[in-house]
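Keep in mind that this is a model prediction, so the values were computed, not measured.
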Amino acid sequence: MANSFLTETKKEKTLVAGIGLKQDDFSEIKESVAELEDLVYAAGGEVVGTIVQILPSFNPSTLMGSGKVTEIKEMADTTTATLLVVDHQLSGSQMRNLEAELGIRVIDRSQLILDIFASRAQTYEGKLQVELAQMLDQLPRMVGGWHGSLSRQAGGIGTRGPGESALELDRRRINERVKVIRKKLEDVKKNRQQHRAKRKRQNVPSFALIGYTNSGKSTLLNKLTQSQVLAKDQLFATLDPTTRQIMLPDVGLAVLTDTVGFIRKLPTQLIEAFKATLEESAEADILIHVIDLSSPQMERQQEVVQQLMRDLKWDDKPLIHAFNKVDVAPLERQMSVKAFPRVFVSAVEGRGLEKLKHLMAEAAKNLQQTVELYFSKKDEHLIYELGKDGQILKSEASPHGTVCTVALNPTQISRWESYLTR
């Protein structure tokens with residue numbers, strides 16, 4: 001994969017276009033466009049103009065109206081912009097038609113996010129996942145879109161990742177590469193599963209930090225676990241999952257994982273490619289939803305995360321709401337919060353962290369249930385394994401076997417289900 005060119009001093013002059021329909025919520029369109037501008041800056045670009053158009057229906061050939069295309073062309077000439085980023089999914093032919101009329105490169109929101117991921121991926125797994133996501137994104141655009149678009153080979157935002165060689169591949173060769181990457185990611189996944197299985201055998205409660213990008217998850221992980229994980233005030237600073245140990249009151253050792261942040265209109269290709277990473281959250285016993293209390297879009301960001309949790313089938317997990325950045329948020333914002341269980345924290349200043357740890361400890365204790373297991377004489381040797389798996393509170397021997405009263409979490413209960421007394 002090509003390396004990011006974000007170290008270059010000259011930022012690419014970029015135009016941003018938001019296109020919506022009359023029935024769409026205009027405030028949502030405006031917020032999404034503002035976020036797209038932040039994404040351009042995160043990718044190393046400079047926004048020199050923003051355009052919004054509301055249409056009765058999309059134009060099949062260019063998505064936007066012909067008058068708006070002319071307006072963007074004039075703006076590009078005036079500002080010497082070299083790139084247009086559209087806040088809507090574009091087909092390959094729409095990109096080709098817009099580039100032909102505007103004389104500049106055109107990408108959409110999904111490609112921009114993928115480009116940022118390509119520049120931030122540091123690990124072997126992260127680079128594989130980004131390459132897979134970009135190839136899955138390219139495939140449907142190839143018909144009439146990628147072929148002949150030689151302007152993409154000049155470099156710039158939207159060209160990082162697989163790069164020129166991938167764009168020259170035909171569908172068959174891309175599909176072959178996708179299979180190879182999937183196989184490598186499957187090997188990584190098995191390795192993760194082994195680590196998770198070991199933690200479960202040791203009865204270690206697991207927590208995962210989830211939330212909107214730039215909500216402060218990595219900073220919170222660092223404060224809670226005295227770690228030095230990369231934490232920056234920027235979108236998608238963290239891509240690779242990071243797991244650290246944490247000591248909780250009355251519980252002892254637990255593990256806490258920080259994963260990639262969410263965002264509205266998150267490309268489905270990213271979710272598909274990052275399944276192995278997202279499984280770190282999926283397999284956690286308890287989720288901690290980190291929310292930026294200072295953000296004007298706080299409620300909308302919560303909705304995006306909650307919807308993605310439903311899509312990923314995480315909504316049945318125990319959930320703690322950690323409202324972060326109280327040090328910079330208006331005090332009245334706390335009064336509007338209705339979510340429970342909740343805690344208000346400042347990851348930067350360390351405020352509220354002890355209360356968060358106590359909430360985590362309570363949640364971990366609630367995972368355990370007291371159950372009775374019966375072992376016949378021939379199975380009594382398994383009581384030793386049971387003691388390693390859970391906390392045996394009491395055992396009573398009888399002529400035919402032993403009854404053990406033990407505290408187990410749901411995963412352990414399913415493991416010993418055949419010995420449960422009814």
Side-chain angles (χ1 to χ4, degrees), residues 35 38 42 204-239 241-263 280-281 284-306 309 314 317-367:
E35 191 171 74
D38 291 338
V204 178
S206 58
F207 296 80
L209 298 168
I210 63 168
Y212 212 78
T213 182
N214 206 29
S215 60
K217 300 188 307 302
S218 298
T219 305
L220 188 58
L221 178 83
N222 285 337
K223 283 288 185 179
L224 286 170
T225 64
Q226 287 79 53
S227 301
Q228 298 295 323
V229 176
L230 173 69
K232 290 186 178 180
D233 183 17
Q234 64 180 22
L235 303 178
F236 300 120
T238 303
L239 296 188
T242 304
T243 300
R244 295 289 184 268
Q245 294 183 346
I246 180 173
M247 297 299 292
L248 297 177
D250 301 323
V251 170
L253 183 67
V255 292
L256 181 62
T257 298
D258 178 28
T259 56
V260 63
F262 294 150
I263 197 168
E280 287 296 302
S281 297
D285 296 315
I286 299 152
L287 301 178
I288 302 174
H289 182 184
V290 183
I291 302 151
D292 181 356
L293 192 68
S294 69
S295 171
Q297 282 81 49
M298 179 187 76
E299 292 182 359
R300 177 62 183 136
Q301 291 177 359
Q302 283 181 265
E303 291 171 3
V304 169
V305 174
Q306 288 163 357
M309 284 175 61
W314 296 354
K317 286 183 174 292
L319 183 68
I320 297 171
H321 301 84
F323 290 88
N324 190 26
K325 306 188 184 180
V326 292
D327 51 311
V328 292
L331 184 60
E332 59 269 19
R333 188 68 63 79
Q334 295 186 29
M335 308 303 167
S336 65
V337 171
K338 297 181 175 63
F340 290 96
R342 70 186 184 203
V343 59
F344 296 100
V345 302
S346 167
V348 171
E349 296 183 351
R351 285 158 57 183
L353 299 192
E354 288 307 311
K355 185 175 180 182
L356 174 56
K357 285 184 180 180
H358 278 92
L359 278 179
M360 292 169 67
E362 287 175 23
K365 284 188 245 180
N366 288 339
L367 288 173

Are any non-hydrogen side-chain atoms of [X] and [Y] less than 4.5 angstrom apart?
{"X": "Ile320", "Y": "Leu287", "answer": "no"}
{"X": "Lys325", "Y": "Ser346", "answer": "no"}
{"X": "Val305", "Y": "Ile210", "answer": "yes"}
{"X": "Asn324", "Y": "Asp292", "answer": "no"}

Closest non-hydrogen atom pair between [X] and [Y], with its separation:
{"X": "Ile263", "Y": "Glu35", "result": "CG1-OE1, 3.3 Å"}
{"X": "Gly216", "Y": "Val290", "result": "C-CG1, 4.4 Å"}
{"X": "Val343", "Y": "Gly352", "result": "CG2-O, 3.7 Å"}
{"X": "Ser281", "Y": "Thr259", "result": "OG-OG1, 3.3 Å"}
{"X": "Ser218", "Y": "Asp258", "result": "OG-OD2, 2.6 Å"}

Separation of [Y] [atom2] from [X] [atom1] (nearest 0.5 Å):
{"X": "Ser336", "Y": "Met298", "atom1": "OG", "atom2": "CE", "answer": "4.5 Å"}
{"X": "Leu356", "Y": "Ile288", "atom1": "CG", "atom2": "CD1", "answer": "5.0 Å"}
{"X": "Met247", "Y": "Lys357", "atom1": "CE", "atom2": "NZ", "answer": "9.5 Å"}
{"X": "Met360", "Y": "His358", "atom1": "CE", "atom2": "NE2", "answer": "12.0 Å"}

Quiz item: Given the rule in the side-chain contact (heavy atoms from CB on, under 4.5 Å) test, do Tyr212 and Val304 qualify, once you have shown the distances and angles that lead to the verdict?
Solution: CA-CA 8 Å; Tyr212 212 78; Val304 169; 3.8 Å; yes
Heavy-atom donor-acceptor pair, [X] side chain to [Y] backbone, under 3.5 Å:
{"X": "Arg333", "Y": "Leu293", "result": "yes"}
{"X": "Arg342", "Y": "Ala322", "result": "no"}
{"X": "Lys317", "Y": "Ala284", "result": "yes"}

Self-check item: Atom CD of Glu349: over 12 foreign heavy atoms under 6.0 Å
Solution: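 It does: Glu349 CD has more than 12 such atoms within range.
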Quiz item: More than 12 heavy atoms of other residues, nucleotides or ligands under 6.0 Å from CD of Gln245: is that the case?
Solution: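 Open: at most 12 neighbouring heavy atoms sit under 6.0 Å from CD of Gln245.
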Exercise. Would you please test Leu209 and Leu221 for side-chain contact (heavy atoms from CB on, under 4.5 Å) and show each step?
Key: CA-CA 8 Å; Leu209 298 168; Leu221 178 83; 3.9 Å; yes
Practice problem: Would you mind telling me which of Gln302, Arg300, Gln301 makes a side-chain hydrogen bond (donor to acceptor under 3.5 Å, both in side chains) with Ser295? | Solution: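 Answer to the side-chain hydrogen bond (donor to acceptor under 3.5 Å, both in side chains) test with Ser295 among Gln302, Arg300, Gln301: Gln301.
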Quiz prompt | Residue from Leu220, Val255, Ile246 passing side-chain contact (heavy atoms from CB on, under 4.5 Å) with Thr225 | solution =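 So the option named by the test is Ile246.
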Self-check item: Of Thr243, Leu256, Ile286, Asp285, the residue whose pairing with Ser206 passes side-chain contact (heavy atoms from CB on, under 4.5 Å)
Solution: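 Going through Thr243, Leu256, Ile286, Asp285 one by one, the side-chain contact (heavy atoms from CB on, under 4.5 Å) with Ser206 is satisfied by Asp285 alone.
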Quiz prompt | Salt-bridge present (Asp250, Lys365; N to O < 4.0 Å) | solution = yes
Quiz prompt | Aromatic centroids of Phe323 and Phe344 separated by under 6.0 Å | solution =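 Yes, they do, as the ring centres are separated by less than 6.0 Å.
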Practice problem: Dump the intermediate steps for side-chain contact (heavy atoms from CB on, under 4.5 Å) on Phe207 and Leu224, then the final yes or no. | Solution: CA-CA 12 Å; Phe207 296 80; Leu224 286 170; over 6 Å; no
